[in-house]
Amino acid sequence: MSQVLYEGKSKLVCQGPREGSLLIRYKDTATAFNGEKKAELSGKGVLNAALSNRIFQYLMDHGVETHLIQVVDDVSVVVRRAEIIPVEVVVRNLAAGGFSQKYGVPEGTLLRNTVMEFSYKSDALGDPMINRSQITAIGLASREELQEMERQALNINELLCRLFERMDIRLVDFKLEFGRVDGHVILCDEISPDSCRLWDMATEEKLDKDRFRRDLGDVLAGYREVLRRLDDVLQTPESE
Ligand code: UDP
């Protein structure tokens, strides 16, 4: 395996095969609550790689620029080496999780408009929430980059809501990360049940990492169900 540059909570980042690239390997580790809860879930890496790769490819087919270059094997991808902007962008369609707790809004409440939140990506600081003026004031991103991240996040939300709806899944909320490449902003990291809340539309069953956070049973059974439905939908033309 090529040289490991960085080991994250759920991925290994290695030297890529050519200049300007990285090799990313998905791990089986599940973490929550800033790493306080941790487990090895055999097969999670394969599932998340499959899900994220399909979702990124779908977004790319719909004009979204991402870091994904090539799928190497069932846990590895080659991506563009971007300078990660240390701001996590959370998009919410329904109230859940931290939002419900903080503002006393019951989980599942439909929000009257799409909510966008930012947090400063810093394990040492516990990823604190941060607002636009704070982001630009301390130089995490420029005003233009921030606007671009917001524009892309809203577009991605529309595309993904439509995709998941076809899978009878409600996209409750999700987290995105962006990076800089050649002076512009592209989508990086992953989109998977680790970074989204996905509820079955009929039963409201949680098919995402809340199964792990809240001990709701077989975690990967939810991920497998999302992959099964995604594969079904991706084989059907969009108008159907
Ligand atoms: N999320 C994530 N990584 C984080 C924090 C949040 O992927 O470090 C995702 C999370 O899975 C959910 C959305 O962002 O889909 C909103 O999370 P929330 O702020 O409610 O987080 P919680 O407080 O529940 O961890």
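When a ligand or atom number is given, it counts from 1 through the structure's own listing order.
Taking the centre and axis of the six-membered ring of F212, the NZ or CZ atom of K37 falls inside the cone set by 45° and 6.0 Å.
Of all protein heavy atoms, the one lying nearest to atom 24 (O) of ligand 1 is R197 NH2, 2.4 Å. In terms of protein heavy atoms, atom 25 (O) of ligand 1 is closest to R213 NE, 4.0 Å.
Closest approach of R197 to A96, counting heavy atoms only: CD-CB, 3.7 Å. Considering every non-hydrogen atom in both A221 and R211, the closest pair reads CB-NH2, 3.9 Å. The two residues K44 and S10 have their closest heavy-atom pair at NZ-CB, 4.2 Å.
Panel note: side chain N93, backbone L171; a donor-acceptor pair is recorded below 3.5 Å.
Contacts with ligand 1 closer than 4.0 Å are made by heavy atoms of both the backbone and the side chain of D173. With a 4.0 Å cut-off on non-hydrogen atoms, S195 touches ligand 1 through its backbone as well as its side chain. Neither the backbone nor the side chain of Q101 comes within contact range of ligand 1; no heavy atom lies under 4.0 Å. Contacts of D194 with ligand 1, taken as heavy-atom pairs under 4.0 Å, involve the backbone alone.
Heavy atoms of other residues, nucleotides or ligands lying less than 6.0 angstrom from CZ of R143 number 12 at most.
Checked against a 3.5 angstrom limit, the closest N/O atoms of G98 and ligand 1 fall inside it.
Atoms of ligand 1 found under 4.0 Å from any heavy atom of V90, numbered from 1 in the order shown, are 14 (O), 16 (C). Close approach of ligand 1 to E88 is summarised as follows: ligand atoms under 4.0 Å from at least one heavy atom of the residue are 4 (C), 8 (O).
In this structure, K209 has no heavy atom closer than 4.0 Å to ligand 1. Assignment of E117 to the shell around ligand 1 is not supported, since no heavy atom sits closer than 4.0 Å.
Comparing heavy-atom distances from atom 9 (C) of ligand 1 across K175, M129, R92 singles out K175 as nearest.
For atom 13 (C) of ligand 1, the nearest protein heavy atom is under 4.0 Å away.
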Verify side-chain hydrogen bond (donor to acceptor under 3.5 Å, both in side chains) between Y223 and D194, making sure each step is shown before the conclusion.
CA-CA 9 Å; Y223 290 38; D194 270 6; 2.5 Å; yes
In sequence, state the C-alpha distance, the side-chain angles, and the governing distance for C14 and Y6, and then conclude on side chain to side chain contact (heavy atoms under 4.5 Å, CB included).
CA-CA 7 Å; C14 309; Y6 168 79; over 6 Å; no
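Between the side chains of H184 and E65, at least one donor-acceptor pair of N or O atoms lies under 3.5 Å.
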